[in-house]
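First the structure, in the form of structure tokens, and then the observations on it.
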Amino acid sequence: MFYSIIILGDIMNIYIEYAIIALVLVIISLIIMKLKKKDFSTEANKLIGYLGGKDNIINAECNMSRFKVILKDITKVDKESIQKLGAKGIVEIDNQLKIIFGKDARILKKYIDDII
């Protein structure tokens, strides 16, 4: 009987150790996810600046991975900075830009709508 209590205690200690290890791994993974998460509010502010400011934006739409924006003055746009921000491509048609941002396009659109 005493021997089985010792074995049961050892098994409980092993489970406690596993639980602590699992908890540490979860905390580490949450920290890594937090560090990799983009700050879309900052990126949206930068994008508005690169588009010539919020007064230059007439309309903004999002279609899948593309962010479409109609501008008053297309010459105020800083395309190089937009690409450094993460755009995979930019198409200019008259006074409108179609910017390919991938999966981040909808999130950026939401933040830009809040700012404008």
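Just so it is clear, the model here is predicted, and its values are computed rather than measured. Just so you know, these numbers use all the heavy atoms, side chains as well, and skip hydrogens, waters and symmetry mates.
Here K79 pairs with E92 in a salt bridge; the nearest charged N to carboxylate O distance falls below 4.0 Å.
The distance from atom CD1 of I115 to atom CG of N45, rounded to the nearest 0.5 Å, is 3.5 Å. Note that CZ of F101 is 13.0 Å distant from CZ of R66, once rounded to the nearest 0.5 Å. Here the CD1 atom belonging to I99 is positioned 4.5 Å from the CD1 atom belonging to I82, to the nearest 0.5 angstrom. Residue I16 holds its CD1 atom at 12.5 Å from CD1 of I21, rounded to the nearest 0.5 Å. For the atom pair CG of D73 and CG of L51, the computed distance is 12.0 Å after rounding to the nearest 0.5 Å. Taking CD1 of I90 as the start and NZ of K98 as the end, the distance is 14.0 Å to the nearest 0.5 Å.
Residues I57 and L47 share a single hydrophobic cluster, defined by chaining ILVMFWY side chains whose heavy atoms lie under 4.5 Å apart. Hydrophobic clustering of Ile, Leu, Val, Met, Phe, Trp and Tyr side chains at less than 4.5 Å, counting indirect connections, unites Y50 with I107. Placement of I31 and L23 within a single hydrophobic cluster is found when ILVMFWY residues are connected by side-chain heavy-atom separations under 4.5 Å, directly or transitively.
Contact annotation: the side chain of K68 never approaches that of N63 to less than 4.5 Å [non-hydrogen atoms, C-beta and beyond].
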* To do: Apply side chain to side chain contact (heavy atoms under 4.5 Å, CB included) to the pair K76 and L71, showing each step before the final yes or no.
  => CA-CA 9 Å; K76 294 182 178 180; L71 304 167; over 6 Å; no
* How far apart are the C-alpha atoms of I100 and F67, what are their side-chain angles, what is the distance that settles it, and do they pass the side chain to side chain contact (heavy atoms under 4.5 Å, CB included) test? -> CA-CA 6 Å; I100 302 169; F67 178 73; over 6 Å; no
* **M64 and R106: CA distance, side-chain angles, deciding distance, side chain to side chain contact (heavy atoms under 4.5 Å, CB included) verdict** => CA-CA 7 Å; M64 301 291 281; R106 288 184 180 192; 4.0 Å; yes
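In this structure a side-chain-to-backbone donor-acceptor pair under 3.5 Å is missing from D94 to Q96.
Residue pairs meeting the side chain to side chain donor-acceptor pair (under 3.5 Å) criterion with at least one partner in residues 52-62, sequence neighbours excluded, are N59-E61.
With E43 as reference, L108 is the one residue of I48, D104, L108, I112 to meet the side-chain contact (heavy atoms from CB on, under 4.5 Å) rule.
In plain terms, the two heavy atoms of A105 and C62 that are nearest each other are C-SG, 3.6 Å.
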